[in-house]
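Note that the coordinates shown come from a computational prediction; the quantities given were computed from them, not determined experimentally.
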Amino acid sequence: AAGISVLFAQLGLINLAQIALIGVGGWVALRLNYATPLPFTVIVGFAGVATALVGAALALPALRMRGLYLALVTLMAAGAFQILFNAFQFPNGGEGFWGVARQSAADIRRPSVAQSDVAYLRYTLVIMAAGFGLVALHRITAPGRAWAMIRQSEANAMAAGINVTFYKIWAFALSGLLAGIAGALLSGALGQLDARSFLASEGILLFALAVVGGAYSWVGAIIAGVLYKLLPALLNDWGLSADLAL
């Protein structure tokens with residue numbers, strides 16, 4: 001949700017592929033978990049960087065379009081990733097590039113300080129706080145000032161010597177970085193991921209919640225997360241349908 005807010009609040013750009021990028025981060029994390037002996041925290045970092053590169057690629061259409069047209073392009077990208085996830089599934093310890101086996105070979109490695117679910121929740125909260133700090137740092141430094149000028153007028157920003165292309169790609173990469181980290185953390189929480197969790201329609205829902213929650217404040221991202229995942233889970237615990245959350 002914070003990644004969506006960065007693009008919408010700072011540049012007025014709509015990204016409906018954030019859920020797909022979370023899936024990319026989860027895929028990379030699972031693949032590295034089974035293919036390498038890397039510590040989980042390092043895997044989270046690699047997943048974030050890899051997804052940032054994918055996010056930067058999504059910025060290319062944003063260099064020439066905005067509004068509804070950009071929303072449609074990112075939605076098409078989300079649909080493409082949905083097809084890929086359904087076709088190739090997520091790694092579970094199998095052989096080959098895709099790493100898919102009939103049965104999971106092993107569980108994902110969690111950090112030594114976060115073996116239990118409660119400890120892993122604390123670990124996740126620390127990384128989430130670091131992510132919010134990274135966004136806040138961008139807003140008060142050169143990228144934030146450049147984004148503000150680009151949002152007001154790209155022509156004026158270019159006249160002032162701001163590299164509009166670079167800063168748009170930077171914003172998409174930051175959004176992708178946050179999504180990739182989220183996907184890696186999700187893989188560590190669940191152990192395995194399912195393609196049905198990364199539907200293109202979920203990207204639309206998350207964008208709507210990020211805007212309703214408040215795209216200009218980190219509190220808005222928290223509200224979006226609560227509405228997106230926590231509220232349905234609570235409804236299930238209370239014996240009610242999670243669909244009521246919608």
Side-chain angles (χ1 to χ4, degrees), residues 1-4 18-52 54-55 81-82 85-86 89-94 99-101 103-135 175-199 202-203 205-206 209-210 213 218 221-238 242 245:
I4 289 174
Q18 195 75 351
I19 291 294
L21 293 178
I22 293 174
V24 171
W27 191 96
V28 172
L30 288 172
R31 194 70 193 93
L32 290 176
N33 171 76
Y34 293 117
T36 71
L38 292 173
F40 182 77
T41 303
V42 176
I43 288 176
V44 171
F46 273 117
V49 171
T51 313
V54 177
F81 278 113
Q82 178 181 326
F85 293 149
N86 280 318
Q89 298 301 315
F90 284 85
N92 61 358
V100 178
Q103 293 183 339
S104 179
D107 293 328
I108 193 167
R109 299 184 301 274
R110 285 183 177 179
S112 58
V113 297
Q115 290 295 310
S116 69
D117 287 342
V118 174
Y120 189 78
L121 174 60
R122 289 195 292 264
Y123 175 84
T124 301
L125 290 174
V126 169
I127 294 182
M128 184 185 71
F132 282 132
L134 181 62
V135 172
S175 181
L177 174 71
L178 297 174
I181 291 173
L185 292 173
L186 186 62
S187 71
L190 301 178
Q192 287 298 322
L193 298 178
D194 190 285
R196 292 171 293 183
S197 300
F198 304 100
L199 303 178
E202 292 292 296
L205 177 59
L206 184 59
L209 292 175
W218 65 270
I222 297 292
I223 294 173
V226 167
L227 293 175
Y228 183 58
K229 286 296 183 183
L230 182 58
L231 181 58
L234 288 174
L235 289 172
N236 274 331
D237 288 345
W238 296 336

Compare every heavy atom of A245 with every heavy atom of P232, then report the nearest pair and how far apart it is.
CG-CB, 3.8 Å
Once rounded to the nearest 0.5 Å, what's the spacing between atom CG of L227 and atom CG of L206?
10.5 Å
So, R110 side chain and F40 main chain: donor-acceptor pair closer than 3.5 Å or not?
no
For the atom pair CZ (R196) and CG (N86), what is the distance rounded to the nearest 0.5 Å?
9.0 Å
Listing request: all side-chain hydrogen bond (donor to acceptor under 3.5 Å, both in side chains) pairs with a residue in residues 40-50, at least two apart in sequence or in separate chains.
T41-Y123
Less than 4.5 Å apart, side chain to side chain, heavy atoms only: is that true for V24 and F198?
no
What's the shortest heavy-atom distance between S187 and G26, and which atoms?
CB-O, 4.3 Å
For G131 and L178, which heavy atoms make the closest approach, and how far apart are they?
CA-CD2, 4.1 Å
Identify the heavy atoms of Q18 and G3 that sit nearest to each other, and give their distance.
NE2-CA, 3.6 Å
Output for pair (T124 OG1, L185 CG), nearest 0.5 Å, gives 5.0 Å
If you define the side chain from C-beta out and look only at heavy atoms, does anything of D117 sit under 4.5 Å from L121?
no
Sub-4.5 Å side-chain heavy-atom contact between W218 and V135:
no
Take a 6.0 Å sphere around CZ of F132 and say whether it holds more than 12 heavy atoms from other residues, nucleotides or ligands.
yes
To the closest 0.5 Å, what do you measure between CD1 (I181) and CD1 (I43)?
13.5 Å
Quick check for you: to the nearest 0.5 Å, what is the distance between I22 atom CD1 and L193 atom CG?
10.5 Å
Distance, nearest 0.5 Å, that separates CG of N33 from CG of N92
11.0 Å
Can you name the nearest heavy-atom pair linking I108 to G191, along with the distance?
CG2-CA, 3.9 Å
Sequence neighbours left out, what pairs pass side-chain hydrogen bond (donor to acceptor under 3.5 Å, both in side chains) with at least one residue falling in residues 221-232?
E202-Y228
Would you indicate whether the side-chain heavy atoms of I19 and L199 approach each other to under 4.5 Å?
no
Looking only at heavy atoms, the pair that brings T36 and L32 closest together is OG1-O, 2.6 Å
